[in-house]
Amino acid sequence: MEAEELRVGFVGAGMMAGGLGRGLLRAGKVPASNIVVSAPSDRNLGVWREWGCRTTHCNLEVLQESTVVFLATKPHVLPTVLQELRPAVTPQHLLISLAAGVTLQKLQRLLPAGTKVLRLMPNLPCVLQVYLFAEAMAEGAVKMGMPVGLASRITAQTLLGAAKMLLETGEHPAKLRGDVCTPGGTTIHGLYQLEKGALRATVMNAVQAATERACEMGED
Ligand SMILES: NC(=O)c1ccc[n+]([C@@H]2O[C@H](COP(=O)([O-])OP(=O)(O)OC[C@H]3O[C@@H](n4cnc5c(N)ncnc54)[C@H](OP(=O)(O)O)[C@@H]3O)[C@@H](O)[C@H]2O)c1
C-alpha cells in the first residue's frame with residue numbers, strides 16, 4: 001500500500017502514541033494529513049495539530065477514518081474504549097494494542113470475532129533499553145571530552161547506521177560485529193569491557209523481566 005493511501009489512527013495521544021506518531025512522520029511512512037488522533041482532553045493533542053494531524057475527542061471518528069488503529073490508552077481504560085469501538089469495527093481494520101498486560105486473548109474476547117488485532121507490547125521495553133544504551137554511549141563520549149550535542153548526534157547516527165546494516169544485509173548481528181573486529185584493535189578492546197560487564201546477559205534478563213511483568217499484569 002502507498003504511504004498516501006494508508007490511514008492511521010491513534011486512540012490515546014500520550015507518550016507512546018506520540019513516540020510512534022513522530023516516528024511514522026519522520027520516516028515518511030504516512031502523511032500527517034492521513035493521521036487522526038483522539039483523547040478526552042486537549043492536554044496531548046496540541047502537538048499532533050502542530051505536526052499537521054487531525055485531532056478529535058471522539059474515539060469512534062478515529063475508527064471510521066482509519067484502517068490501522070493504535071490503541072494507546074492506559075490498560076485499565078482499554079476495555080471501556082473497546083466496548084465503545086466494538087460496533088464500528090470492520091474486517092478491514094487492523095487494531096494494534098500497546099497496552100501492557102492486556103493479552104491477545106483478552107483483546108479478542110472484547111472485539112467482534114475475526115477482528116484483526118495485534119499486540120505491540122513485548123518489543124516496547126526493548127526500545128527503552130536502546131535509549132538507555134544510547135544515553136550511556138553518548139555519556140562515554142562526553143567523558144572523553146566530546147561536546148554533549150555532538151556526542152548525542154554521533155550516537156544516534158551510529159545506531160541508525162547499525163540498524164540499517166542489519167536490515168539491509170539480513171546478516172546475524174554477531175557476523176556484522178565480527179566483520180569490524182580488527183585483531184588487537186579498538187572494537188575488540190571495547191567489546192572486552194562490555195563482556196566483563198555482562199551486557200548481553202543483562203539485556204537478555206531485562207527482556208525476560210519485562211515480558212514476565214507484562215504477562216503478570218495481563219492475568220485476568
Ligand atoms: N510509557 C511507556 O513506557 C510504555 C511502555 C510500554 C507500553 N506502554 C503502554 O502504552 C499505553 C499508553 O501509555 P502512555 O505512557 O502513552 O500513557 P499516557 O501518556 O498516559 O497516554 C494515555 C493517553 O490515553 C488517553 N485516554 C485516556 N482515556 C481515554 C479514553 N477513554 N479514550 C481515548 N483516549 C483516552 C489520554 O488522554 P489525555 O491526553 O486526555 O490524558 C492520553 O492521551 C499503555 O497501555 C501502556 O501500558 C507504555
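Note that the numbering runs from 1 along the sequence shown for the chain. The structure presented is a predicted model; accordingly, all values stated were derived computationally and were not measured. Read the numbers this way: they start at 1 and go in the same order the structure lists the ligands and their atoms.
For Arg49, the side-chain hydrogen bond (donor to acceptor under 3.5 Å, both in side chains) partners two or more places apart in sequence, or in a different chain, are Asp42, Thr55. Residues passing the side-chain hydrogen bond (donor to acceptor under 3.5 Å, both in side chains) test with Arg200 are Glu195, sequence neighbours excluded.
Of all atoms in ligand 1, numbered sequentially from 1 with element shown, those under 4.0 Å from a heavy atom of Val81 are 30 (C), 31 (N), 32 (N). Counting the atoms of ligand 1 from 1 in the order shown, those under 4.0 Å from a heavy atom of Ala13 are 23 (C), 42 (C), 43 (O). For ligand 1, the atoms closer than 4.0 angstrom to any heavy atom of Gly12 are 23 (C), 24 (O), 25 (C), 34 (N), 43 (O).
In Val77, the part holding a heavy atom less than 4.0 Å from any atom of ligand 1 is the side chain. At a heavy-atom distance under 4.0 Å, only backbone atoms of Ala72 (N, CA, C or O) approach ligand 1. Contacts between Arg43 and ligand 1, counted as non-hydrogen atom pairs separated by less than 4.0 Å, involve the side chain only. Contacts with ligand 1 closer than 4.0 Å are made by no heavy atom of Asp42, backbone or side chain. Both the backbone and the side chain of Leu98 come within 4.0 Å of ligand 1, counting heavy atoms alone.
Distances from atom 35 (C) of ligand 1 to the heavy atoms of Ser97, Pro40, Ala39 put Pro40 nearest.
Taking 4.5 Å as the limit, some side-chain heavy atom of Leu110 sits within range of a side-chain heavy atom of Lys106.
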